[in-house]
Amino acid sequence: MTTMIEYSKIEVQIDLAAVQHNYRELAKAGSRLIAVVKSDAYGHGLAQVSSALEEIGADTFAVGYVHEAHQLRESGCGGRIVSLLGPVDSGDMARLGKGDVIPFIGHFDTMRALADQCPEPVDIALKFDTGMSRLGFRKEELPELLDFLHAHPRLRPVMASSHLAASDEPERDELTRSQQELFFELVDAVRGAGFAVEANLSNSAAIMGHEACRLDAQRAGIALYGGNPFQGTSREELGEGLRPAMSVTAPVLHVHTLRKGQGISYGHTYVSDSDRTVAVVGAGYADCYSRGLSNRGFMNAGGVRIPILGRVCMQMTCVDVSGLAGQGVDLHVGDRVHLLGGDGPGRVDIHELAAWWGTITYEALCALGMNRRVFVK
Ligand SMILES: *Cc1c(COP(=O)(O)O)cnc(C)c1O
């Protein structure tokens, strides 16, 4: 009789205690921390991350769309919720009418629509463009903005924000400084016009490396999840206290020998120069494990680093496990290997994974976080 080996598919583990640890690290900077939990908390779970942070004192959360704010409120969040993108449709406008989400408003058309459609007073955050050239009121629009606000007292500006374009690049400090100076000037003008806004400018990199940008509050995203925005720069050591919160495992589906001269996977982009042992792992680009990792990335089996051979497929990836036996690691069908994280010298760090992938930590985390998750604390 044969027995079927059973295993579960690719699985993402989220360490909520690590997120709490990172929050406390960042909070040492002193001012109020706004936890940025947009895009499902960078793949780490909107409700779970927010509730873990609320437990340790976080009182303000920033999502992207208004519908994410709605989701967060429904999950039981009792804190302030800010929508960084503001309303994009009439459903959002109606939702804002309830008055318990603070939308970023950076353009006159949205502001007019909100003034027309919300019968009750609504708190808003004024979003300024100080150099990102994306969303936000520009300096030259300030007089018209202040006039509009004076004429529409139902819109209550309680916050003023702007976003930094290159705070994670030490060689671009000049750009950060110019954004900071312009923002301070804008905040002064808004306050001078009688609006007592809570000002925030810093993202993770600025919280860690640009004290001059510190105002009433700071918006922390990637660093909450253990990503060091300064990785690979002269300020890398500023991120040393952060802990990674996501790890990813997938099962070994099959183990076989690849003979010298044989090619592997689509296109035979890898041809073996000797006899090797290959493990086929049950994760591929359909699981958001990028095809860009083909012949470039590594996994971690029992603490030992194993290289990807050939192209990453839709639901499978082949790795070279020839070296494992020599290091005392016995790998069998059904065992799980780490695509991200794990222990030992083979530990796969999110910064390395992103580099092999050809992207940034943010994208790799958001993508992998689409998979089935389990939460530990
Ligand atoms: C995403 C985002 C942040 C967080 O940035 P990190 O680099 O992840 O800390 C802060 N502010 C705004 C407006 C954002 O969109």
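Each residue takes its place number in the sequence, starting with 1. All heavy atoms count here, side chains included; hydrogens, waters and symmetry mates do not. Ligands are counted one by one from 1 in listed order, and the atoms in each one are counted from 1 as well.
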Checklist entry - What do the steps show when you test Phe183 against Asp188 for side-chain contact (heavy atoms from CB on, under 4.5 Å), and what is the final call? => result CA-CA 9 Å; Phe183 184 61; Asp188 280 349; over 6 Å; no

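Taking distance alone, with nitrogen or oxygen atoms compared against 3.5 Å, Ala223 stays at or beyond that limit from ligand 1. Inclusion of Ala205 in the set of residues having an N or O under 3.5 Å from an N or O of ligand 1 is not warranted. Polar contact check, Arg134 against ligand 1: no nitrogen or oxygen pair lies under 3.5 Å apart. At under 3.5 Å, a nitrogen or oxygen of Tyr42, whether backbone or side chain, sits near a nitrogen or oxygen of ligand 1.
Using the six-membered ring where Trp is involved, His210 and Phe230 have ring planes that are tilted, between 30° and 60° apart.
Donor-acceptor pairing under 3.5 Å is recorded for the side chains of Arg336 and Thr249.
For Lys139, the NZ atom sits in a loose shell: 12 or fewer heavy atoms of surrounding residues, nucleotides or ligands are nearer than 6.0 Å.
For atom 9 (O) of ligand 1, the nearest protein heavy atom (residue, atom name, distance) is Ser204 OG, 2.5 Å. Among protein heavy atoms, the minimum distance from atom 11 (N) of ligand 1 is reached at Arg219 NE, 2.8 Å. Of the protein's non-hydrogen atoms, the one nearest atom 2 (C) of ligand 1 is Lys38 NZ, 2.6 Å. The shortest contact between atom 7 (O) of ligand 1 and any protein heavy atom is with Tyr362 OH, 2.7 Å.
Side-chain heavy atoms closer than 4.5 Å link hydrophobic residues (I, L, V, M, F, W, Y) into clusters, and following such links, possibly through other members, connects Val63 to Leu365.
Here Leu84 has side-chain heavy atoms under 4.0 Å from ligand 1, and that is the only part of it that gets that close.
Each ring-ring contact (aromatic ring centres under 6.0 Å, His included) pair with one or both residues in residues 245-275, not counting sequence neighbours, appears once here: His254-His256.
For the residue pair Leu96 and Leu114, the shortest heavy atom distance occurs at CD1-CD1, 3.9 Å.
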